[in-house]
Amino acid sequence: LGAYEESLASNEAFLGAHPDHELAGDARFMRAENLFLLNRLEPAAKAYGEFLAGHQNHPSATAASFRLAQVHHDQGRWEEFLDRVIALEREIYLLIETRAPDIVRDRALLPKYRRAGIVHVYVGLEATDQAVLDKINKEASVEEGRESIALIGEHGMLSETSFVLGFPEETQESVRSTLETARYFNPDMAHFIAITPWPYSDIYEQVKDHIAVRDYAQYNLIEPILKPEAMTLREIDEAMIACYRDFYMAKMASFRSYPDEFRRAYMLSSMKLIMKSSFIVEKLGKLGMPAAMSKILAAARTPAPGTRS
């Protein structure tokens, strides 16, 4: 882990000896990754380009495309990248993951985001309390989070984010506050997840005395790991379920009023995928959620007044 120079040399040697090997694609992708992680951005961009040119159907092709975009962004060439994609004049749909401060910074570029085919933006807000954001070193503000969600929607893209529950100071009141703030921020899609302090994470030392689960197989953002001072693990689990239920019941009843057909259809497809997930079936099913949501999904198939199906 972190031995990027050694890994780069190993991949270079392998490709030199076996350029046509069945694993050459893997080696070319890893060469590009190592260059990127060593912050050698120009060689990394070239390496990703060579990998994509020769291995378009490789399982890591999508990851390489996003890395190439990230290289351009890190070099201050993000707008150039958007312009090049727009110039292709192709009907493509892209999902990106970024930070709230980046969306706020790029407010003047957001029309180009949409023209370049970006339709879905995930921003990692994580918390609605500034003290919690500072604790987990997000280097962002609550207000930037709210503004980023609003900007994404204003420019015709769908927003997705997550809110973390289960910190040592968590209470039933703070859970309700998180849900109310999530509703106020109004992302198109929200996830309510459990804080998962891996031993190598920045927050581990701060919360290690509250870790109640040591089985790493359960470190999946779904199962509660920390026991707060004022709540049990079961209460955190039930709080996450309730937040999902209450957020999406309101969201699913309202998305038919979205201003364009594409966003309505996208949200409907997303809701169907969420309903099929094992997490939803197992956990939300305890509260009768699937039956209630199924009725809303069935009603959502009927076009809103003044729209086409």
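Positions are given from 1, in the same order as the sequence printed here.
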Looking at residues at least two apart in the chain, or sitting in another chain, which of them share a ring pair (Phe, Tyr, Trp, His ring centres under 6.0 Å) with [X]?
X	answer
Tyr204	none
His155	none
His120	Tyr266

Restricting to side-chain contact (heavy atoms from CB on, under 4.5 Å), what partner residues turn up for Glu50, sequence neighbours left out?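 Result, side-chain contact (heavy atoms from CB on, under 4.5 Å) vs Glu50: Arg31, Lys46.
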Checking Cys243 against Thr178 for the side chain to side chain contact (heavy atoms under 4.5 Å, CB included) test, could you report, in this order, the C-alpha distance in whole Å, the side-chain angles of both residues, the deciding distance, and whether it holds? CA-CA 9 Å; Cys243 284; Thr178 294; 5.8 Å; no
Roughly how far, to the nearest 0.5 Å, is the CG atom of Asn34 from the CG atom of Leu37?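 One finds 6.5 Å between CG of Leu37 and CG of Asn34.
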Is there a donor-acceptor contact under 3.5 Å from the side chain of [X] to the main chain of [Y]?
X	Y	value
Thr196	Ala194	yes
Ser10	Glu6	no
Asp237	Leu233	no

Would you list the pairs meeting ring-ring contact (aromatic ring centres under 6.0 Å, His included) in which at least one residue belongs to residues 80-105, sequence neighbours left out?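 For residues 80-105: His72-Phe81, Trp78-Phe81, Tyr93-Phe262.
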Quick check: is Ile86 connected to Ile118 through a chain of hydrophobic side chains (ILVMFWY, heavy atoms under 4.5 Å apart)?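 Unlinked, Ile118 and Ile86 end up in two clusters.
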If Ile, Leu, Val, Met, Phe, Trp and Tyr residues are connected whenever their side-chain heavy atoms lie under 4.5 Å apart, and connections chain through other members, are Leu52 and Leu88 in the same group?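 No.
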[Y] side chain reached by [X] side chain, heavy atoms, under 4.5 Å:
X	Y	value
Arg40	Leu8	yes
Ser60	Phe51	yes
Phe36	Leu41	yes
Lys251	Asn186	yes
Thr98	Asp106	no
Tyr113	Ile103	yes
Ile203	Phe167	yes
Glu97	Glu160	no

Output yes when Glu79 and Arg115 qualify as a salt bridge under the 4.0 Å nitrogen-oxygen rule, no when they do not.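 Arg115 and Glu79: not salt-bridged.
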For [X] and [Y], work out which heavy atoms get closest and say how close.
X	Y	answer
Phe247	Ala182	CE1-O, 3.9 Å
Val123	Ser148	CG2-OG, 4.1 Å
Pro168	Leu226	CD-CD1, 4.0 Å
Gly166	Pro228	O-CG, 4.0 Å
Ile225	Pro197	CG2-CD, 4.0 Å
Glu235	Met231	OE1-CA, 3.2 Å

Contact list for [range], test salt bridge (charged side-chain N to carboxylate O under 4.0 Å, His left out), sequence neighbours left out:
range	answer
residues 183-200	Glu180-Arg183, Asp188-Arg263
residues 148-157	none
residues 54-69	Glu33-Arg67

Please list, chain by chain and in numerical order, all residues satisfying salt bridge (charged side-chain N to carboxylate O under 4.0 Å, His left out) with Arg234, sequence neighbours excluded.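 Partners of Arg234 by the salt bridge (charged side-chain N to carboxylate O under 4.0 Å, His left out) criterion, ordered by chain and then number, come out as Glu238.
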With sequence neighbours left out, what residues match Glu173 under salt bridge (charged side-chain N to carboxylate O under 4.0 Å, His left out)?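 Residues passing salt bridge (charged side-chain N to carboxylate O under 4.0 Å, His left out) with Glu173: none at all.
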Enumerate donor-acceptor pairs with a distance under 3.5 Å from any side-chain N or O in residues 214-222 to protein atoms, sequence neighbours excluded.
from, atom 1, to, atom 2, distance (Å)
Asp215, OD1, Ala217, N, 3.0
Tyr219, OH, Val213, O, 2.6
Asn220, OD1, Ile222, N, 2.9
Asn220, OD1, Glu223, N, 2.9

Side-chain polar contacts of residues 12-27 - donor-acceptor pairs under 3.5 angstrom, sequence neighbours left out - could you list them?
from, atom 1, to, atom 2, distance (Å)
His21, ND1, Leu23, N, 2.9
Asp26, OD1, His58, NE2, 2.6

Side chain to side chain contact (heavy atoms under 4.5 Å, CB included) between Leu179 and Phe192, intermediate numbers included: CA-CA 9 Å; Leu179 176 59; Phe192 299 89; 4.1 Å; yes
